Amino acid sequence: MEDLFGNPIDDKTSIPIFADVILPVPIPWMFTYMVPREMEPIIGIGFRVIVQFGTRKILTGIVGKIHQKPPKEYDAKPLLELLDNQPMVNPLQIKFWHWIADYYCCHIGEVMNAALPSGMKLNSESRLQLNPTFQDSGSDYPIDEREKIILDHLETEGELTFEACGKILELKSAHHIIKSLVAKEMVLVYEQLKEKFTPKIENRIRLSALFVSDKSALEALFAKLESKPKQEEIILKYLQQVPVYKDEKINHEGLDKKLLTESGISVNSLRTLIKNGIFEEFTKIISRFENLPTNPDTLSLSPVQEEALNQIKEAYKEKQTVLLHGITGSGKTSLYIKLVQEVMDSGSQVLLLLPEIALTTQMVNRLTKVFGNKMGVFHSKYSDNERVEVWQGVIQGRFQFVVGVRSAVFLPFDSLGLIIIDEEHETSYKQHDPAPRYHARDTAIMLAYLHQSKVLLGSATPSFESYYNARQKKYGLVELNLRYGEAQLPHFHMADILADKKKNLLKLDTTRLLREKIQEALNNQEQVLIFQNRRGYAPYINCEDCSWVLECDHCDVSLTYHQFGEEMRCHYCGFKQKVPTSCPACGSNNLVTVGQGTEKIEENLAMLFPEARIARMDLDTTRSKYGYQNLLENFSAGNVDILVGTQMITKGLDFGNVTVVGIVDADRLLYFPDFRSGERAFQQITQVAGRAGRRQKTGNVIIQSRKPDHPIYQSILSGDYRNFYLQEMGERQQFFYPPLVKNIKITSKHKEFKTAETAALHLKNLLQAIPVKKIILGPEKGLIGKIKNQYIFELLIKLDKNGQAPPIFKEHLKLVLEELAAAKAFKSVRFIIDVDPV
DNA sequence: AGCACGCCGACT
DNA sequence: GTCGGCGTGCTC
């Protein structure tokens, strides 16, 4: 081999190097590219690279492996660009990604997609522009009308994206027209890369070096400016803020230009000063996060908390994971803070996971007070730029501690010492769609294992999975059974809806007991929470004459009536339509709303308590970034007497003045066709009840039910979690439910009912042949039989949770799905695998 | 998942 | 004849 000048190249150095790149595509392997010479000294695992994929697409990938084995069956394309000078992802993470892909039966690229903030993935957008070498004079080719339109637009706009072309022509895709234009060489197509992360920049000014190092120069300057008071004032203002005469070095940092311009000085004079070289202007990349001080937590633990802390540490001597079962209000947060501080002092990193809706609340405020800007906050409502900054902050060591939602498990930690998962039982830790369908709790335990770090699971109502593991001695178990301070556990009351109805005491679906307790609270200027886990006004509308129900055109569900906006909405696909005025089936005008959502409850309460100030908190009132926070602040400030809400109000709110919690329809939680409904009901009712009476006053919890004698209510009333667990486990044992077995759910989706069904059936037959002990249920029509015009069938596989059954089964499952994908009849069927569905 | 290529029906 | 539909196969 020879170089450009004909000199022979040393053989050893000319061995080409290849990179296996993880790309964000649902294909279960990496792609091998050639590493250009100049990248060789720098490149390594975890670097971001730009590659061409297929004929047109330009993608960002992550280097997963470097090697020297040239691919046999194809020519490797070269890497186009190296984006970083240090890895953005560490080898431990790559291992972690592979584990997730393996465990949750998805592709590594899908894991990468979930892991990287989108601001770190460069986009390729195909664009076109006029071909500058093309002369539009007596062309050889006829130009079609639509082509002319595009050319005209290009004339004025300069460039267009493919998407824009489609819009202009009102076509789904303008591809063929563009293709024809390209063939005629009238336009050029190119890919433009966009770096999406934009650092926040501040314009700053500082004195020119001359005036700093030489005092006499500054004096001379003042003398010269005597006739220009405006300019003099600016310099004085600057010196006031940046006293360079005390310390010359501080001039280098300068001063935020905004600070000067906003203080009412003349912008023109400042401009003159800069022009004359007295000031110089420069830019600085600044953090989006405020600079906050840290204040070591001074709160002392109660003896009971102290004891729990010691037990946790003791358990860590033998166990990697400890479950902290602490009743609501027992002060788990204080324990967390102590532990986080200790681990940080030892130099390791800490990750605290919170469910999404708990993150904007008091918990973060409290943690911020203690850890200041050493703590990173990773929230899904944060902008992408903010998320990229947290990512970089973790790499740079600026954030030794991160509080975040589910996806924070993907941050580039390199030496975790502790992962805390608060509200461990929360189902929002499981990602449903799209793949990877991972559970943050379970993946975090794996992550901790990779880091040899500890895990603390915290909950007042642990998931059966975790409690089971604790009882099996896989995890340590520490219990905290006393509320912190003087707070007492609330009193529970069952309110019998049917009994009240018989005696004519039910008013607007509200029992007498609930009304009395609310009134009492209002009289004492105390606050009330009303919980109903259903948003909207009413779950459906019904024709009184022929019992017709309005359903979604695209899904198998009834449309929910939303009073706000006077419309019917589908909660599954977002479909909206006007409220019908008459029944389309029989023409009757007797359409009535049935059931009650938060909107209707809000309205009912307004009629029952006209003097009360009522607010509502659900998905519809908290969509905006600060909607949630504003509502909470309002409530916290005492501007609201009664807050009606969905699940959102059950999490982590700590308002001392709430003394009454009402659960409008507890049965709805219980009679859900799922083996976990009991567990869920127990958790939700206990959680929301925990909002009552968190200070001196004892709270009251009113549970409205049609079946107040149901044994589950007895368990909740007595607060005996262990007893409840043992009862429920009997049933789980009998019917082979988790946590005693491992579940895998496979969903088949297709626009034809029959195809979806037969595909699932066919799959079941193939799966039956897999040589492990298992039970396969189904195919059964999905709980919602059709969503977004796709019919849904489900298979449920129960596997022996210990031993080799799960990995063997998953291995075979992969092959079976490949086989099925090759079968013509099921080509267009989508199979969705959900490991450990919740 | 996209995206190119190829085969076939509906229209000028 | 051609436009544009969708099924099929590939991506280093």
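Keep in mind that what you see is a predicted model, and the values were worked out from it rather than measured. In what follows, chains are A, B, ... by sequence order, proteins preceding strands, each numbered from 1.
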Item checked: Value in whole Å for how far the P atom of C:dC12 lies from CZ of A:Phe53 -> 6 Å
Margin query: Does anything in residues 437-447 of chain A form a salt bridge (charged side-chain N to carboxylate O under 4.0 Å, His left out)? List the pairs, not counting sequence neighbours.
Written below: A:Glu424-A:Arg441, A:Asp433-A:Arg437
Next item on the list: Give the rounded distance in Å between these two atoms: CD of A:Glu110 and P of B:dG2.
Entry: 12 Å
Note to self: What is the distance, to the nearest angstrom, from the CH2 atom on A:Trp29 to the P atom on C:dC10?
What the structure shows: 10 Å
Checklist line | side chain to side chain contact (heavy atoms under 4.5 Å, CB included) involving A:Gln396 - partner list, sequence neighbours excluded | finding: A:Gln392, A:Arg398
Item checked: A:Lys810 to A:Tyr103, cation-pi by 6.0 Å centre distance and 45° axis angle -> yes
Margin query: Just the rounded figure in Å: distance from C1' of C:dC10 to CD1 of A:Ile27.
Written below: 8 Å
Check: A:His153 versus A:Ile149: any side-chain heavy-atom pair under 4.5 Å?
Finding: yes
Note to self: Using a 4.0 Å heavy-atom cut-off, does A:Tyr33 contact any base of the nucleic acid, only the sugar-phosphate backbone, or nothing at all?
What the structure shows: sugar-phosphate
Item checked: A:Asp102: salt bridge (charged side-chain N to carboxylate O under 4.0 Å, His left out) partners, not counting sequence neighbours -> A:Lys814
Margin query: Per the salt bridge (charged side-chain N to carboxylate O under 4.0 Å, His left out) rule, what does the pair list look like for residues 762-772 of chain A, sequence neighbours excluded?
Written below: none
Next item on the list: Please work out which residues in residues 748-757 of chain A have a non-hydrogen atom less than 4.0 Å from an atom of DNA chain B and list them by number.
Entry: none
Margin query: Checking A:His762 now: which residues fulfil ring pair (Phe, Tyr, Trp, His ring centres under 6.0 Å) with it, not counting sequence neighbours?
Written below: A:Phe826
Notebook entry, point to check: Quick one: A:Leu59 CG to B:dA1 C1', roughly how many Å, whole number?
Noted result: 10 Å
Next item on the list: Pull out every residue in residues 66-75 of chain A that has a heavy atom closer than 4.0 Å to any atom of DNA chain C, ordered by number, or say none.
Entry: A:Tyr74, A:Asp75
Notebook entry, point to check: side chain to side chain contact (heavy atoms under 4.5 Å, CB included) with A:Lys95: which residues, sequence neighbours excluded?
Noted result: A:Leu450
Item checked: Heavy-atom protein contacts under 4.0 Å, nucleotides 3-9 of chain B, coded B base, S sugar-phosphate only, - none -> SS-----
Next item on the list: Output all residues satisfying side-chain hydrogen bond (donor to acceptor under 3.5 Å, both in side chains) with A:Arg569, sequence neighbours left out; order by chain, then residue number.
Entry: A:Glu567, A:Asp620
Check: Once you round it to whole Å, what is the distance between C1' of C:dC12 and CG of A:Leu80?
Finding: 12 Å
Item checked: Touch class at under 4.0 angstrom, heavy-atom based, for A:Leu23 against every strand present -> nothing
Note to self: Going by ring pair (Phe, Tyr, Trp, His ring centres under 6.0 Å), name the residues that satisfy it together with A:His571, two or more places apart in sequence or in a different chain.
What the structure shows: A:His562
Checklist line | Atom pair distance, as rounded to whole Å: CD1 in A:Ile50 and C1' in C:dC12 | finding: 16 Å
Next item on the list: Return the value, rounded to whole Å, for the distance between atom CD of A:Glu818 and atom C1' of C:dC10.
Entry: 15 Å
Note to self: Test: side-chain hydrogen bond (donor to acceptor under 3.5 Å, both in side chains). Region: residues 45-61 of chain A. Which pairs qualify, not counting sequence neighbours?
What the structure shows: A:Arg48-A:Asp84
